[in-house]
Amino acid sequence: MTEDATVTAGPSPHRHTFAPAKIAGKFQGKHIISVDQFAKDDLEILFDATKSIRKRSRQHDRGLTEIAAGRVMASLFYESSTRTDMSFQAAMRRLGGDVIAASNGVRFSSVYKGENLADTVRAAGCYADVIVLRHPQVGSSYEAAYFLDKLNQRIDKRTVVVSGGDGVGEHPTQALLDLFTIIDSKGALDHQSITLVGDLKNGRTVHSLSKLIAYYRPKGTRLNMVAPETLRMPESIIAMLTDLDVEIHETEALDDVLGESDVLYWTRIQEERFANKEAYDAIKDHFIMVPELLDQAPKNAVLMHPLPRKHEMGTVEDHEGLDADPRSIYFEQMENGMFVRMALLAKVLREAYV
Ligand code: ASP
Ligand code: CP
């Protein structure tokens with residue numbers, strides 16, 4: 001999709017003219033486009049709702065299907081996705097809502113005729129109550145929110161956009177499910193040594209997650225950032241974390257921190273963000289998680305990954321070895337994604353008490 005003339009990857013012009021509302025205890029009717037909107041209290045509300053929804057889902061509680069009955073979610077994905085798209089769709093359906101999308105995806109919508117993001121979002125805004133948007137342009141969800149608010153005023157409606165990832169910017173709902181999974185598996189966020197490994201420059205999941213950890217204001221938590229020099233975490237995020245007194249340790253050597261890590265958050269080198277294949281090939285094998293490496297991590301560590309996985313988790317045989325280790329929790333993480341998104345949709349659409 002990125003090669004399409006109508007979809008550019010530079011920052012959106014409206015990124016700086018729209019400031020998303022803080023959640024401040026009230027989710028209903030709010031666009032969800034950055035983790036900057038969340039404070040610890042909001043996360044606690046959302047995570048309590050997630051636990052309740054997970055329990056009720058496992059008991060096949062039919063009451064859940066009343067929460068979004070009669071409501072419609074539009075799925076607008078300009079970049080490929082398996083988990084975010086499917087888990088949002090599953091979440092909406094499990095809450096009793098409906099899902100719409102352009103038949104055969106955005107590629108075959110009027111985007112193909114050159115329609116811009118603002119008009120595409122406004123079309124979806126006329127038909128849906130919530131739009132999940134993934135787009136290659138940083139700030140695209142801000143742009144969507146900006147134009148949706150104008151439309152909402154005009155047609156007296158309250159359609160919201162939820163970001164499913166904007167280029168190398170943010171992936172806020174991934175961070176919500178990641179933080180939920182860390183707290184769920186470790187019991188708390190305080191006093192954890194969390195190690196982010198891989199493409200910290202282009203990986204939107206680690207941008208959102210490290211900020212969200214800071215907003216949770218944990219005590220004694222350390223963020224280790226392991227990346228080759230060219231793929232370091234952006235300076236702006238490091239500065240923001242430092243301002244919030246997060247203890248950060250940046251290194252190129254995994255050995256420095258592997259033995260002390262309570263959480264290992266592995267990431268894919270973001271091939272699609274590289275200027276050319278040579279640049280990607282030169283770095284793609286830098287950090288590879290294999291069972292022998294996981295053996296060197298503490299016995300009570302957990303291994304997470306937002307997925308999909310490629311070279312950074314070795315071969316298919318390595319995948320099998322890693323999957324068999326009880327410390328690998330990326331499939332639980334993936335399932336939690338659906339429950340967190342159910343909770344978020346329930347709150348955003350109805351402020352539902354779940
Ligand atoms: N699926 C995640 C994302 O879209 C992580 C990845 O693709 O590596 O950001
Ligand atoms: N974690 C994640 O965003 O996966 P997808 O790219 O498959 O949606």
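Read the numbers this way: they start at 1 and go in the same order the structure lists the ligands and their atoms.
In this structure, P308 counts as a contact residue of ligand 1, since one of its heavy atoms falls inside 4.0 Å of the ligand.
Using cut-offs of 30° and 60° on the angle between ring planes, the pair F47 and Y216 is parallel.
Proximity of a side-chain donor or acceptor of D129 to a complementary backbone N or O of V72 within less than 3.5 Å is detected. Between the side chain of S185 and the main chain of I182, a donor-acceptor pair closer than 3.5 Å is present. Within the 3.5 Å criterion, the main-chain N or O of L200 finds a donor-acceptor partner in the side chain of H207.
Considering backbone and side-chain N/O of P306, none are found under 3.5 Å from N/O of ligand 1. Distances between N or O atoms of T205 and those of ligand 1 include no value under 3.5 Å. At under 3.5 Å, not a single nitrogen or oxygen of H171, backbone or side chain, sits near a nitrogen or oxygen of ligand 1. In terms of N/O distances under 3.5 Å, ligand 1 is not approached by E272.
Listed by number with element, the atoms of ligand 1 under 4.0 Å from a non-hydrogen atom of R268 are 6 (C), 7 (O), 8 (O).
With a heavy-atom cut-off of 4.0 Å, Q270 touches ligand 1 through its side chain alone. At a 4.0 Å heavy-atom cut-off, ligand 1 touches R134 through the side chain alone.
Applying the ring pair (Phe, Tyr, Trp, His ring centres under 6.0 Å) test between H135 and each of Y142, F77, Y78 identifies Y78 as the sole match.
Side-chain atoms of Q137 and E143, non-hydrogen and from C-beta on, do get closer than 4.5 Å to each other.
Of all heavy-atom pairs spanning M313 and L303, the tightest one is CE-CD2, 3.9 Å. E170 and S163 get closest at one heavy-atom pair: O-OG, 4.4 Å.
Of the protein's heavy atoms, R204 NH2, 2.8 Å lies nearest to atom 4 (O) of ligand 1. L307 O, 3.7 Å is the protein heavy atom nearest to atom 2 (C) of ligand 1.
In this structure, a donor-acceptor pair under 3.5 Å is absent between the side chains of T205 and Q174. Side chain to side chain, D318 and T315 meet the donor-acceptor criterion of an N or O pair below 3.5 Å.
Residues with a heavy atom under 4.0 Å from ligand 2: S81, T82, R83, T84, R134, H171, Q174, P306, L307.
The pair K277-E271 does not meet the salt-bridge criterion, since no charged nitrogen lies less than 4.0 angstrom from a carboxylate oxygen.
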